Amino acid sequence: MRIGVFICHCGSNIAGTVDCPSVAATALKYPDVVFSTDTMYACSEPGQDAIIQAVKEKNLDGVVVASCTPRMHEQTFRRAVERAGLNRYMFEMANIREHVSWIGKTKDLNTGKASELVRMAVEKLRRNRPLTAKRFETTKRVLVIGGGVAGIQAALDCADGGQEVVLVEREQSIGGKMAKLDKTFPTVDCSSCVLGPKMVDIAQHPKITLYTCSEVESVGGYVGNFQVTVRRKATYVDWTKCTGCGLCVEKCPSRKHPDPFNENLCNAPSINIPFPQAIPKKAAINPVSCLMLTKGKCGACAKVCPVKCIDFEQKDELVTVDVGAIVVATGYDLFDWHKYPQYGEGRYKDVITSMQYERLLSASGPTGGHVKRPSDGKEPKNVVFIQCVGSRDKSVNRPYCSGFCCMYTAKQAILTKDHIPDSQSYVFYMDIRSPGKLYDEFTRRAMEEYGAQYVRGRVAMIYPKGDKLIVRGADTLAGTQVEVPADLVVLAVGAEAAKGAVQLGEKLRVAPDQYGFFVESHPKLKPVETNTAGVFLAGACQGPKDIPASVGQGSAAAAKVLGLLSKAMLESDPAVSRVNPARCVGCGKCIQTCPFGAIKEVQDRFGNPKAEVIDTVCQGCGICTVTCPQGAIQLEHFTDNQILAEVNALCPPKMFANYE
Amino acid sequence: MSQLDDLKTAIKSRLGELECVIGWEQGYDPLHATPLFIRSEADLDRLIIGPLAVHNLATYLTGYKGKKVGVVVKGCDSKSVVQLLNEKLINRDDVVIFGLCCDGVVSQRKIRAALPADPGFVESVEIGGDGMTVTVAGQAATLKFADVQADKCRICTTPDAIVSDVLVGTAHTPAPAASLACQDEFEAKSDAEKLEFWQETMSRCIRCYACRNACPMCVCRDYCIATSRDPLWLSQDNTPAENMMFQMVHVSHLAGRCTECGECERACPVDIPLMLLRRFMNKQVKDVFEHQAGAALEQTPPLLTFKVEEERINERGW
Amino acid sequence: MLKIAYYPGCSGQGTSLEYDSSTRAVCKALGVELVDVPDWSCCGSTPAHTVNHVLSSALSARNLAQVEVMGMDKVTTPCPSCLTNLRTAAHKMEDPEFKAKSNALLDVPCNNTVDAQSVLQVLAENVDPELIKSKVVKPLTGIKIACYYGCIMNRPPEVMKFDHHENPMAMDNLMALLGAEVVPFPLKVECCGASYGIPRGDIVHKLSGKLLDAGRDVGADAFVTACPLCQMNLDLRQRQINDALRENFRIPVFYYTQLLGYALGIDRAELGFEKLCVDPRLALGRIKQPAQAM
Amino acid sequence: MPAQDVRELRIVGFLCNWCSYGGADTAGVGRFTQPTDLRIIRVPCSGRIDPLFIVRSLMNGADGVLVSGCHPRDCHYAEGNFYARRRLEMLKRFLPITGIDARRFEYTWVSASEGQRWQHVVTEFTRRIHELGPAPSFNPASEADWNALAVQASQGQGCPCHG
């Protein structure tokens, strides 16, 4: 074999703490290495051209590049060696940046380590063999999970791009958090006026199938060919007949259950349409509070329904859909502020969340848009906003900034003044985070035009005095303690991962981060991809986001889906397991352990049982290879011999010890 | 009727439907038994059982895959059969199990040590009571079973076959689980002492693979990775490290599967105490997974499955 | 019978004699045997740890070591300040290096095997509420009580490990059990001004004044406290506060053990109501006599 | 090749591509300084790590072996680390009988976002291995040792059972 080695300086990123020419010189002594050089930027165009030129001139049949992590540029270099006429798998990378130059302080140790990593790569490459991808067809249909603004955007863009879309939403209506908002920053335009038309488009688009009150039950298959089972929960209303007239909602006598759409500020009837613009505009029964379903008597809705669509016997239904790609847009949930004992843990009725305040401001909310505080219905004059409730606080395991609270608090301060001209708002903040177009100007307006008093400091406690709440906090700019008498306290609660996100992640094989948000493939370069091919992220399920960012990501995910499904055929990763039938004794252990059902039992021509891998189903994890005692099933590109070659390069057994 | 007669009767009644029935007969001298493959009623006359019938005949079963055979098993051997069944390496329908209620077998190694000199050819063996009389070169030596019993019999909890089509003999009340003093003593040694011990014993190893070939659970046969180039796990180097590596391969492939029949150790021509490794691994498997290979039907080997929460694995959160 | 080592603390020998005596009396009545720690010394109070952490810890460690010598593993004290010092010392000594430094100052080293708890915690966690209820002879029916815990009884939570650190309920529950009407006092764990009473009276006037004000707001007839310093600031200085704030507070401030003793029918001499500065008779008068209550 | 000089010992790491290798990258990107002893072998999944790779490393003279995968439930392949956990736990518990100090092998879980945790794991593990010092070899170090061993073997030191 003729191997060429290229040691990248990465400017000074590597060369600063690794003696690259010396690594290159050492590499020449390794077996089969016929060419070795150092290069300033291997990934640059001249860098890649130099590799291609060397392959041709030196007649190389394998290339090692020592540079950054293969998670960054393995694909880049594979394409380069392919352009040079080699098989893309006749390439290995040594990570001497992230794993050497950036973490080690001592240059000679770093240089030695880099040389050994190169040697490992050479030894592995010597055992590589050309691999060719298999091609397979894809299902031209997209599943979007979550009908918030990000999911809506992704669904519409995919459908407009010509793909069939199945949109699954857990709640009764799409719209998500945005549907609950009164106005949006920094334009102060009406949230439902912006969102409403998009929701209607979803309902009317011929290529979109909408399943609300539904959740993803299980996901099987792989990129291009997923099989998804959706559980359509019983609504006890036949939606094919329901016209959304609302007669049942009016007549329902059971109204003691809190209304989640209105953030539990008021109660909702047991059969309900959550809000006027709901899509689909269909009624559904809450089985927890419905008198008929809990006590077996009532049926008022069934009596008044003009189209007789009430069905108390309805059961959950499982629907299976085949899709080629999946967009996850499951959004976020609000931090449970009861974890902060200093805010009263719910003992004071007039301490509410920002989302509850949003409902109080909304004309379609429980107070018809008149701000009335929950305890006595009085209009508040002094409103205190407390920011960073569940953001930037390690003590509650929420060290991250939720990003949008500064902005919505400014918006709510402005709206407070609009609703109650003689009111005064106070905002306790840590820092104002308002990067974004017209964002900082907006917060300045809240302070300067609307007279909101911003106090830089945390709130230590809230306690009642008379019919007021005293908010005590620090004013760190004045260096003093302040106490503000408030009629209403609004907690700017931060975002946290949506409930059930982790469980959904398990089904989709998308890992959540330590806070439960889904991890993207690369924080900068692959923000909507996941490590599972064919599954994309949109919106706040990846991390807290405001509306423009969520919409942007929805479109971005749709672009990725359209790109993926525009190909007639997809190529499977050839680094899959392969059975050597001559060694296989047909014990079936690999079949038993494969998580993907990618191995089946076949019979050879003598009728002996043998394992066989289904290439397109195999994901290349290698569990089977370890399970097989004979080593008869080997994961291509990570065979026992390839990994042992790396082990032996690092720790040579006695037989090899005298080499060099 | 004696246990042997009962067994012969039972085998006779099934022989017609079977490829063969595997039992024991006298070997090259009266002290040593050897496996007997009974294909006709005439062969039955040579069948023996008793303390000299040491071999675990389950080892042969996988070689007959697809054919229906009979096998005579002691309690310990039956665990190997169970494990093979659990791993679907043999079909229950393809094997007729003649189970014995066993009173224990001897260790040839201990007999050799107990006799005054290397016995060479043994003239006769008289078995009776709690011992046996071995005559070599005209000289008779009387040995007590208790002194020459195999290690595994001392701690045996399953003297009677736990799965069988026919069970012959008088059932025993199994003894409670115990541990061997030599095992405990060895485990208590320091790492350095243990390392030195294995260095020495493994330098004796001649890599004959008798331990592997005698093992009823080693079903790879010709495809063992110890003797393969792709994958190339072991070199031909005859060093303690390489020899130990083979034992590590063996134990690793037996984790959760080894029934402690002791055939590997019995087969070793250079007296390497391989069961020290096996018993220790089994102890760990039992401790973590509450699993004993071959103890019951319908068990899944613990390394072929998992639990999302492993109660007994402390994942050392660091 | 529950047997626990008892560390009275210096206040119990002087300014809060009535707290000590009522504590001993109610414990006896409820079957908790208090065994005095022999030859106990000062816990270091507030000054010691502001000067030297090791020395401060050693002062408390000595007392913990005394308990170890008694062969006991639990000590109780009525005073939250003593408790803080005992528990902080034990907490810090979990670091072996610190423990060695602290023990170097002692004749008898402390093994740090003793758990220190407040008497309130002992009563709340080790005495069956039903037993207390069964022993009540004079229910506190009719009196409205604000329970004031002070700032260090439950804080810092990782050291004190008892009750809720922002909204403790142990005394509230106990008083309710005795039949009193417990008002929702919002400033349960606020600072009374503590030892500033001497150098900066104005601070105590402001802070304790706020507590009294809040108590009056929620309609309390009386306060109960568990801390000698809190009690002193609210009770002894109530007149100074009235002078400074132009107020007219007249709210008696009991130790919770006094009212507990009262309800259990313990001899008044042991409860020491006469030691209180604000006359408690008006408040006690609100308690309905058993005949009336029934 | 034993470790390059006295400052380093030979530590082999087996890391799954999706979580822990990414975590090690994250540590690099964050410039979280670590000791240089560790050499990382990248595998797709901790389920691909045959415990025998670890044994092979130790038999070949590695002073320490560190394995890291995705946290349980977060496996990119859904179940790989569940199998790995069982296999690795068995190996860890088995090592003492062989005379290899079990502290020379450790397995843990590090996600792609846990750069700091990776730094901590590497630093701690390297410190541990340095405390243990170079691993004793299964093979005799010199010709003389070889011969001594051969003599010993021919006499048959024997095991406690057969002694």
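Every chain is numbered from 1 and lettered A, B, ... according to where its sequence line falls, protein lines coming before strand lines. What you see is a predicted model; the values in this text were computed from it and never measured.
- With a 4.5 angstrom heavy-atom cutoff, Gln634(A) touches chain B only via side-chain atoms.
- Between Arg221(B) and Gln630(A) the shortest side-chain heavy-atom distance does not fall below 4.5 Å.
- By the 4.5 Å heavy-atom criterion applied to side chains, Lys65(B) and Asn608(A) are not counted as neighbours.
- Applying the salt bridge (charged side-chain N to carboxylate O under 4.0 Å, His left out) test to Lys68(B) and every residue at least two apart in sequence or in another chain returns Glu17(B).
- Atom CZ of Arg583(A) sits about 8.0 Å away from atom SG of Cys220(B), to the nearest 0.5 Å.
- In terms of non-hydrogen atom pairs under 4.5 Å with chain B, the most contact-rich of Ala632(A), Pro629(A), Cys584(A), Gly631(A) is Pro629(A).
- In this structure, the portion of Leu89(B) lying under 4.5 Å from any heavy atom of chain A is its side chain and not its backbone.
- Looking at Ala645(A), neither its backbone nor its side chain comes within 4.5 Å of chain B, counting heavy atoms on both sides.
- Among residues 289-310 of chain B, the residues having any heavy atom closer than 4.5 Å to a heavy atom of chain A are, in sequence order, Thr300(B), Leu304(B).
- Shown here is Lys286(B), whose NZ atom has no more than 12 heavy atoms of other residues, nucleotides or ligands within 6.0 Å.
- Contacts between Thr639(A) and chain B at a heavy-atom distance below 4.5 Å are absent for every atom of the residue.
- Residue-environment remark: CZ (Arg229(B)) stays at or below the threshold of 12 foreign heavy atoms within 6.0 Å.
- Atom CG of residue Asp640(A) and atom CG of residue Asp230(B) lie 8.5 Å apart, to the nearest 0.5 angstrom.
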